[in-house]
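Following: one structure in structure tokens, then a few remarks.
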Amino acid sequence: KKSRFAPHPHHPPSRADHAILRGGPPVRTRRPPLPPAVTAAAPPRFRLRTGFRHLQPEDRQDPRVAPSLLSAQGGAGVREDLHGSHALGELFGGGVERAADRPYGDLRISPASSGLHYGLQCFEGLKAYRDHFHPDTVRMFRPDCNMERMSNSMARLAMPAFPQDQFLRCIEELVSLDSPWIPTGEGYSLYIRPTAVSTQPFLGVAASTEVLLYCICSPVGPYYKNGFSPVRLTADEETVRAWPGGTGNNKVGGNYGPTMVPQARANAAGYDQVLWIFGPDGAVTEAGAMNVFFVVTDRETGRRELITPPLDRGDILPGVTRRSILDLCRSWGEIDVTERSPTMAELAVAADEGRLVEAFGTGTAAVVSPISCVRYGGKDIDIPATGEVTQWVWDRITSIQYGKEEGPPGWSYTI
């Protein structure tokens, strides 16, 4: 009897699969034991065994070819047909599986996986670049910061800890393997997405002891095809992105799903992104999925001040680009740098007085995104774009990423 259930081509059939394929009833399998209680403060540690299985020639013969320069244009997102040829996988928890580069393909996961039901998932985003002067050389920009942030996100979800340096070496090997997928040219790069998702096949709100830690890559093109394109924001006075004590400072999937409706409302009203505010005073937190900066001229001293919301409340993502911009601007000496929460009322007054001179968002995808307008209280607050500070930050960060200039020690290195 032919069954409508077919085993996955890359996985051997289970006992239940064999029974169905024979036409008999499925074999009953024992329910997995309940996972032990795990606290976010002290998740269990599991040894990550590094090393890669030898890739046979047939493993490298992927039916897809590396994309051309033109096919990678449009860096705002990635497409299913433009993923790299291989994926790095590592299952750890109840049992440890050796890390391996594998041909890119679909995952097989239980429909009862707690990652699908309870949001036990987190991820990172970073890039690899072709060196400006030596295009055959690949660079990475501060990936240790991404490993640190991913470790914090996994700890917040009570996931087992992982050795950051070993996983980073695995990612470097994956990038080297997929280096033909990195387009050449200014603004082009390979987007890298490390991901952790619970695969515990158990319906119940409990910490997971089975986690799939993997990484995929995708070529991306310039975020701006024709130079800087300032964005228009609308401050959302109804929806809150994150609360102090929540998960706003972690890169977990649950932070992004609830933003889809407010984003759609903003687009319908003619704005590009949502400016997230918090509290009765309308304190600014983030812009879309980016950190946000404002350049304000001090009323008394006349000096420019670069203002960005602080991380002490725990509701703002500690962006790697944000961190880098703060370090560079503090060493620049041409502008005062302050981490505090500006309110929308304060920014509106500064704009009326002509002291709100620049604003921009920052993140891995866009690096820097100039802001030309913020709607608040039924009024559009216009902001000059693109200003000197915005351009200076863009030039410095991208020059370091592509190896055009030497950055601080350890920021950009070749693999």
Donor + acceptor pair across side chains of [X], [Y] (<3.5 Å):
{"X": "T321", "Y": "N291", "result": "no"}
{"X": "S114", "Y": "S198", "result": "yes"}
{"X": "E305", "Y": "T338", "result": "yes"}
{"X": "Q391", "Y": "T386", "result": "no"}
{"X": "T209", "Y": "Q200", "result": "yes"}
{"X": "E172", "Y": "Y413", "result": "yes"}

### Task
For the pair C122 and N250, evaluate side-chain contact (heavy atoms from CB on, under 4.5 Å) and give the outcome as yes or no after the intermediate values.
CA-CA 8 Å; C122 60; N250 302 116; over 6 Å; no
Nearest 0.5 Å, what's the [atom1]-[atom2] distance between [X] and [Y]?
{"X": "R340", "Y": "T308", "atom1": "CZ", "atom2": "OG1", "result": "11.0 Å"}
{"X": "S189", "Y": "Y402", "atom1": "OG", "atom2": "OH", "result": "5.0 Å"}
{"X": "L168", "Y": "E173", "atom1": "CG", "atom2": "CD", "result": "12.0 Å"}
{"X": "L213", "Y": "T199", "atom1": "CG", "atom2": "OG1", "result": "11.0 Å"}
{"X": "W181", "Y": "L190", "atom1": "CH2", "atom2": "CG", "result": "9.5 Å"}
{"X": "N146", "Y": "Q164", "atom1": "CG", "atom2": "CD", "result": "10.5 Å"}

### Query
Heavy-atom count around E406 CD within 6.0 Å, excluding the residue itself: above 12?
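For E406, atom CD is not crowded (no more than 12 foreign heavy atoms under 6.0 Å).
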### Query
Is the number of heavy atoms from other residues, nucleotides or ligands within 6.0 Å of CH2 (W332) greater than 12?
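Yes.
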### Message
Over 60° means perpendicular and under 30° means parallel, so tell me whether F360 and F293 are parallel, tilted or perpendicular.
### Response
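Correct class here is parallel.
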Carboxylate-amine/guanidinium contact [X] [Y], below 4.0 Å:
{"X": "E237", "Y": "R375", "answer": "no"}
{"X": "D336", "Y": "R303", "answer": "yes"}
{"X": "E405", "Y": "R396", "answer": "yes"}
{"X": "D236", "Y": "R265", "answer": "yes"}
{"X": "K251", "Y": "E124", "answer": "no"}
{"X": "E186", "Y": "R130", "answer": "no"}

Give a yes or no answer on whether the side chain of [X] reaches the backbone of [Y] with a donor-acceptor pair at less than 3.5 Å.
{"X": "S113", "Y": "I109", "result": "no"}
{"X": "E358", "Y": "E388", "result": "yes"}
{"X": "Q121", "Y": "T195", "result": "no"}
{"X": "K127", "Y": "T364", "result": "yes"}
{"X": "E286", "Y": "L317", "result": "yes"}
{"X": "T343", "Y": "E346", "result": "yes"}
{"X": "D131", "Y": "F133", "result": "yes"}
{"X": "S153", "Y": "R149", "result": "yes"}
{"X": "S369", "Y": "A366", "result": "no"}
{"X": "D298", "Y": "E300", "result": "yes"}

### Message
Could you go through L311 and R322, starting from their C-alpha distance and side-chain angles, then the distance that decides it, and tell me whether this counts as side-chain contact (heavy atoms from CB on, under 4.5 Å)?
### Response
CA-CA 11 Å; L311 305 178; R322 172 191 184 275; 3.6 Å; yes
### Task
Among V368, L328, I335, find the one that has a side-chain contact (heavy atoms from CB on, under 4.5 Å) with W392.
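Passing option: L328.
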### Task
State which residue, out of V374, T285, I371, T234, fulfils the side-chain contact (heavy atoms from CB on, under 4.5 Å) condition with L275.
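For L275, the side-chain contact (heavy atoms from CB on, under 4.5 Å) test succeeds with only one of V374, T285, I371, T234, which is V374.
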Could you check whether any side-chain heavy atom of [X] comes within less than 4.5 Å of a side-chain heavy atom of [Y], counting everything from C-beta outward?
{"X": "L233", "Y": "V231", "answer": "yes"}
{"X": "Y223", "Y": "V367", "answer": "no"}
{"X": "F294", "Y": "V284", "answer": "yes"}
{"X": "P408", "Y": "D327", "answer": "no"}
{"X": "P219", "Y": "P183", "answer": "yes"}
{"X": "I171", "Y": "I192", "answer": "yes"}
{"X": "V220", "Y": "Y188", "answer": "no"}
{"X": "Y129", "Y": "V138", "answer": "no"}

Where do [X] and [Y] come nearest, in terms of heavy atoms and distance?
{"X": "P310", "Y": "I316", "value": "O-CD1, 3.4 Å"}
{"X": "S208", "Y": "P160", "value": "O-CD, 4.0 Å"}
{"X": "F278", "Y": "A242", "value": "CD1-O, 3.9 Å"}
{"X": "T390", "Y": "P370", "value": "CG2-CG, 4.1 Å"}
{"X": "A345", "Y": "Y376", "value": "N-CE2, 4.5 Å"}
{"X": "M140", "Y": "A128", "value": "CG-CB, 4.4 Å"}

### Query
How far apart are the C-alpha atoms of R304 and E334, what are their side-chain angles, what is the distance that settles it, and do they pass the side-chain contact (heavy atoms from CB on, under 4.5 Å) test?
CA-CA 8 Å; R304 293 176 300 178; E334 295 296 323; 4.2 Å; yes
### Query
Are the aromatic rings of F123 and Y256 close, with centres under 6.0 Å apart?
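Centroid distance F123-Y256: below 6.0 Å, so yes.
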### Task
Evaluate the criterion salt bridge (Lys or Arg N to Asp or Glu O under 4.0 Å) for residue pair E148 and R142; output intermediate values, then yes/no.
CA-CA 11 Å; E148 176 187 355; R142 309 194 76 178; over 6 Å; no
### Task
Could you go through the salt bridge (Lys or Arg N to Asp or Glu O under 4.0 Å) check for R241 and D315 one step at a time?
CA-CA 8 Å; R241 173 192 169 271; D315 59 341; over 6 Å; no
### Task
Check step by step if side chain to side chain donor-acceptor pair (under 3.5 Å) holds for R139 and S412.
CA-CA 6 Å; R139 288 185 167 272; S412 177; 3.0 Å; yes
### Task
Show your working on side chain to side chain donor-acceptor pair (under 3.5 Å) between Y271 and D380 and close with a plain yes or no.
CA-CA 11 Å; Y271 298 89; D380 283 350; 2.7 Å; yes
### Task
Check the pair R156 / V252 against side-chain contact (heavy atoms from CB on, under 4.5 Å), numbers first and verdict last.
CA-CA 9 Å; R156 183 65 177 84; V252 299; 5.6 Å; no
